[in-house]
2 protein chains.
Amino acid sequence: MTNHEVELNQLFSALSDPTRRGVLARLCEGPGTVSELARPYDMTLPSFTQHLKVLERSGLVRSHKEGRSRLYQVEPEQLKRVEGWLEQQRQVWEQRLDRLDDYLLQMKEKH
Amino acid sequence: MTNHEVELNQLFSALSDPTRRGVLARLCEGPGTVSELARPYDMTLPSFTQHLKVLERSGLVRSHKEGRSRLYQVEPEQLKRVEGWLEQQRQVWEQRLDRLDDYLLQMKEKH
DNA sequence: TTAATACTTAGGCACATGACTAACCATGAA
DNA sequence: TTCATGGTTAGTCATGTGCCTAAGTATTAA
């Protein structure tokens, strides 16, 4: 598997969980500490920090220690990567529809 | 969990596998049968059809029987759904940057 | 009607994931 | 220095995922 493929795997699978999507959405509003981010979720802290680790491993967020807290923030570059992949598929799809249109048009003109 | 959340889970997790992303990319070029789609992959047919089921469950593709073959094709609506979610996050993110700019500008003006 | 083709079903196995408890370390406040 | 706060580490457990083999069904071709 290429490096790029592995990254896409991690990005999509990081986004496949509602807790993680929620945290990411929250972080788009501004940085936050572990316990701030955890507050809305009915989950023990160790379970929650696992989600943060998955997000960080995917590159969607990064963190650093600040005193005894850890501050998280989004890394929007990686979101663009996902958008890029989708964009590409859409282009292929739309090109194909265009070719199909041309084809149907040609058929029409012949008769 | 809301219905919409479950759908996003399924969409993102369907896209988190390179075989499935490959099949989807292939299907953007036009419809194909199970064995056509399977050909590029070094995998038994039952394993491969599992991937097709995941894609279909997510709504990214649909299929129907045609003689003894089954034809698959993309369902671009669901791709848009994923793009929609990403778009939304980006907007929140960009709004926040704008507010931050304003704030920094005001600080500058005060001094 | 027999045989080949195109899938499908059933069942099993290894490893990943997402949750938990219990106990631990590190920093800041009293 | 003692205690509370904010996170971390380690270990367990149930369930999900992705692969396999073996055997089945359904349709078409000979």
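All chains are named by letter (A, B, ...) in the order of the sequence lines, taking the proteins before the strands, and each is independently numbered beginning at 1.
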Open item on the list: Between P on D/dT12 and CD on A/Gln50, what's the gap in Å once rounded to a whole number?
Closed with: 15 Å
Task: Nearest non-hydrogen partners of B/Gly59 and B/Gln78, listed with the distance - done: O-CG, 3.1 Å
Task: Interatomic distance, B/Arg68 CZ vs C/dT8 P [rounded to whole Å] - done: 14 Å
- [ ] Look at the aromatic rings of A/Phe12 and B/Phe12 and report parallel, tilted or perpendicular, splitting at 30° and 60°.
- [x] tilted
Open item on the list: If we ignore hydrogens and angles and just use 3.5 Å, is the side chain of B/Arg81 paired with the main-chain N or O of B/Glu7 as donor and acceptor?
Closed with: no
Open item on the list: Given D/dT9, D/dG6, C/dT8, identify the nucleotide with an atom nearest to the side chain of B/Pro46.
Closed with: C/dT8
Open item on the list: By the 4.0 Å heavy-atom rule, please label B/Ser69 as base, sugar-phosphate, or nothing.
Closed with: sugar-phosphate
TODO: Under 4.0 Å between any heavy atoms, over every strand shown, what does B/Thr44 touch: base, sugar-phosphate, or nothing? Just pick one.
DONE: base
Open item on the list: Which residue in the set B/Thr19, B/Leu37, B/Leu60, B/Leu11 passes side chain to side chain contact (heavy atoms under 4.5 Å, CB included) when paired with B/Leu55?
Closed with: B/Leu60
TODO: Establish, with yes or no, whether the OP1 or OP2 oxygen of D/dG18 is under 4.0 angstrom from a side-chain nitrogen or oxygen of B/Ser47.
DONE: no
Task: Nearest-Å distance for atom pair NZ/C1', residues B/Lys53 and D/dG16 - done: 16 Å
- [ ] Take the protein atom CZ of B/Phe48 and the nucleotide atom P of D/dC20, then report the distance between them rounded to whole Å.
- [x] 12 Å
Task: Gap between atoms CG and P, on A/Leu45 and C/dT21 respectively (whole Å) - done: 12 Å
Task: Rounded interatomic separation in angstrom, taking CD from A/Glu66 and P from C/dT27 - done: 13 Å
TODO: Whole angstrom is fine here: how far is it from NE2 in A/His51 over to C1' in C/dA19?
DONE: 8 Å
TODO: Specify the residue among B/Leu71 and A/Lys65 whose closest nucleotide of DNA chain C lies further upstream toward the 5′ end.
DONE: B/Leu71
Task: Validation row: A/Leu52, A/Ser63 side chains within 4.5 angstrom (heavy atoms) - done: no
Open item on the list: Near DNA chain D, counting only heavy atoms under 4.0 Å, which residues of residues 4-43 of chain A show up?
Closed with: A/Thr33, A/Val34, A/Ser35
TODO: For B/Leu52 and C/dT8, give me the distance from atom CG to atom P, rounded to whole Å.
DONE: 9 Å
Open item on the list: Donor-acceptor check, side chain of B/Ser47 to backbone of B/Met43, threshold 3.5 angstrom: yes or no?
Closed with: no
Open item on the list: To the nearest 0.5 Å, what is the distance between OG on A/Ser35 and CG on A/Leu45?
Closed with: 7.0 Å
